[in-house]
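Okay, so here's the structure we're looking at.
Whatever order the structure lists them in is the order used to number ligands and atoms, beginning at 1. The structure presented is a predicted model; accordingly, all values stated were derived computationally and were not measured.
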Amino acid sequence: MELISELQSLGLRLDDPTAGAQSRRGGAGPSDHKAVTVDGHTVMIPVHTAGSWSSPYVATQPGADGASRILRDGVEVGVVSFPRQPRFYKMQTFDGIPYGKIATLHGADVLATTILQSCIRYESRRKSCQFCAIGQSLAAGRTILRKTPEQLGEVARAAVLLDGVKHMVMTTGTPNATDRGAQILCESAFGVKSAVNLPIQGQCEPPDDDAWFRRMHDAGIDTLGMHLEAVTPEVRKRIMPGKASVPVERYMDAFAAAVEVFGRGQVSTYILAGLGDSDDAILGMSERLIALGVYPFVVPFVPISGTPLEDHPSPDAAAMRRLLSPLAGMLEAAGMRSGDAKAGCGKCGACSSLSSFERK
Ligand code: SF4
C-alpha cells in the first residue's frame with residue numbers, strides 16, 4: 001500500500017522506452033498514466049507527467065516472466081508487472097476506426113470512454129477546468145470527437161469477449177447547460193446494452209432536471225458519477241471556473257435524488273486532493289456524502305502535461321494517508337465498500353489507494 005501511494009504521488013520512470021506505448025496521454029479526467037500491477041492490485045501510475053521524470057522510482061525492463069523491478073536510488077523496493085496490451089486494441093470498426101480510439105482499458109478490467117470529446121467548459125481557458133486535457137488527445141488524433149452508440153456497443157462486446165472486461169465507465173464532456181450530458185449518456189448506454197450485458201457507470205454534471213436519473217437508469221446505466229472535484233466554493237471557482245457555476249448545493253440535491261434511483265453506494269463522486277481543499281473540508285464533505293449514500297472517491301491530484309496545472313504538485317503519500325485512513329474508517333462505519341458498486345471508478349479503484357485502506 002505504501003509503495004502504491006508513493007508511486008501515485010511521485011510517478012514512475014520507465015527504463016523500457018517501449019513500455020510507454022500502452023499508456024494513455026491527455027484526455028478527460030486522470031491521464032498521462034500507465035496501469036501497473038503492484039501487490040496484486042492494478043493501479044494507475046503517472047508516467048508522462050513532468051514530476052514523474054524526476055521520480056526517484058525507476059521500473060527496470062520486464063524480464064521473461066513479465067515482472068519489472070522497482071528501484072529507488074538503485075535499491076530494489078518492489079516488483080510490479082504491466083498488464084498486457086488488450087486484444088481488442090488490434091481491431092477496428094466497419095468504418096475503419098481503431099477500437100482503441102473509441103474506448104480504452106483502464107485499471108485491470110474496466111473499459112473507459114469519453115463519448116463526447118468536447119465540452120462547453122473547454123471552449124475558453126477562462127472557463128475550463130484547469131486540470132483537464134479533454135481537447136489534447138483529440139487534437140493529437142488519439143481519439144474521435146463523438147463515439148456513436150453503435151461503435152460503443154461494438155467495442156464493448158469485443159472487450160468483454162476478448163479481454164474479459166467486467167465493467168464500463170462512460171464519461172462525457174458537457175455538451176450543454178441543460179441536461180449536461182445525461183441524454184448522450186442514455187443513448188450510449190442503450191447502444192452498449194443492446195450489444196452486450198456489461199455494467200456501466202455514467203459520469204456527467206448534475207442535469208437540470210432530476211427526471212434524467214430515471215431515464216439514465218432505464219437506458220442501462222447502473223451507477224452514476226457526478227464529480228465535485230473540489231469541495232470548497234473558493235477552490236472550485238479557482239480550479240474550475242465554468243463548472244463551479246453549478247453550486248455544491250445543487251450537487252447535494254442531485255446526489256439525494258440519484259441515490260433514490262440508483263441505490264445507496266451506486267452513486268459516487270470524484271474528489272481531487274491537493275488542489276487547495278483542507279483535509280477537514282474534504283472529510284467533512286465526505287461525511288455528508290456518505291450520509292446521503294454517495295461514495296466519495298478521493299484521489300490524489302496528478303497534473304497533466306499541457307494544462308494550466310501541469311506544474312502543480314501532487315500531494316505526497318503522507319498527506320494521502322492522513323486523508324484516506326480516516327475516510328476508510330468512515331466508509332467502514334457506514335458499511336459502504338467500493339467493491340459493492342456495480343460499476344465505475346470507485347469499484348475500479350485504480351486512481352487512488354483508498355480501497356487498500358478499506359481492506360486494511
Ligand atoms: S478509477 Fe476510474 S479513471 Fe481511474 S483507472 Fe479506474 S475507471 Fe479509469
Side-chain angles (χ1 to χ4, degrees), residues 4-5 7-9 11-12 22-38 41-49 82-83 86 100 102-115 117 129 131-134 137 142-143 152 155-156 159-160 163-173 185 188 192 198-204 221-229 265-273 295-304 314 320 324 327 337-358:
I4 294 175
S5 302
L7 291 174
Q8 286 193 321
S9 291
L12 180 64
Q22 288 176 34
S23 48
R24 62 187 296 254
R25 307 185 68 156
S31 222
D32 289 7
H33 287 58
K34 182 170 176 57
V36 181
T37 304
V38 189
H41 306 296
T42 302
V43 290
M44 299 303 274
I45 303 291
V47 293
H48 294 303
T49 58
F82 301 102
I102 291 167
T104 54
L105 186 73
H106 276 203
D109 54 13
V110 186
L111 185 67
T113 183
T114 302
I115 49 181
Q117 202 82 27
C129 300
F131 48 75
C132 182
I134 193 170
S137 45
R142 287 191 294 272
T143 187
L152 292 166
V155 175
V160 170
D163 295 286
V165 154
K166 298 280 189 310
H167 54 124
M168 181 168 189
V169 169
M170 275 183 187
T171 192
T172 180
L185 282 170
S188 305
V192 169
L198 182 65
I200 299 171
Q201 178 177 63
Q203 301 181 345
C204 61
I221 290 175
D222 299 276
T223 73
L224 185 67
M226 294 186 285
H227 297 169
L228 282 166
E229 327 281 11
Q266 307 300 334
V267 177
S268 61
T269 191
Y270 232 89
I271 295 174
L272 298 165
Y295 184 86
F297 189 48
V298 177
V299 308
F301 164 73
V302 176
I304 302 174
S314 296
M320 288 311 295
L324 297 182
L327 176 57
R337 279 182 305 265
S338 53
D340 292 340
K342 295 175 196 155
C345 286
K347 184 180 187 70
C348 164
C351 285
S352 171
S353 47
L354 176 56
S355 56
S356 8
F357 282 88
E358 283 178 38

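Below 4.0 Å from some heavy atom of Met44 lie the following atoms of ligand 1, by number and element: 5 (S). Close contacts between ligand 1 and Tyr270 involve ligand atoms 3 (S), 4 (Fe) [criterion: under 4.0 Å to a heavy atom].
Residue contact annotation: Cys348 places an N/O/S atom under 2.8 Å from atom 6 (Fe) of ligand 1. Put simply, Cys351 gets within reach of atom 4 (Fe) of ligand 1, with an N, O or S atom under 2.8 Å from it.
For the atom pair Met170 CE and Cys204 SG, the distance stands at 12.0 Å (nearest 0.5 Å). How far CG of Leu111 is from CG of Asp163: 9.0 Å, rounded to the nearest 0.5 Å.
Thr269 and His227 get closest at one heavy-atom pair: OG1-CA, 3.3 Å.
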Self-check item: Stepwise side chain to side chain donor-acceptor pair (under 3.5 Å) check, Thr171 with Thr114
Solution: CA-CA 5 Å; Thr171 192; Thr114 302; 5.6 Å; no

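Listed for the Lys347 side chain is a donor-acceptor partner under 3.5 Å among the backbone atoms of Ala341.
Of the candidates Ser355, Gly225, Cys345, the one placing a heavy atom closest to atom 2 (Fe) of ligand 1 is Cys345.
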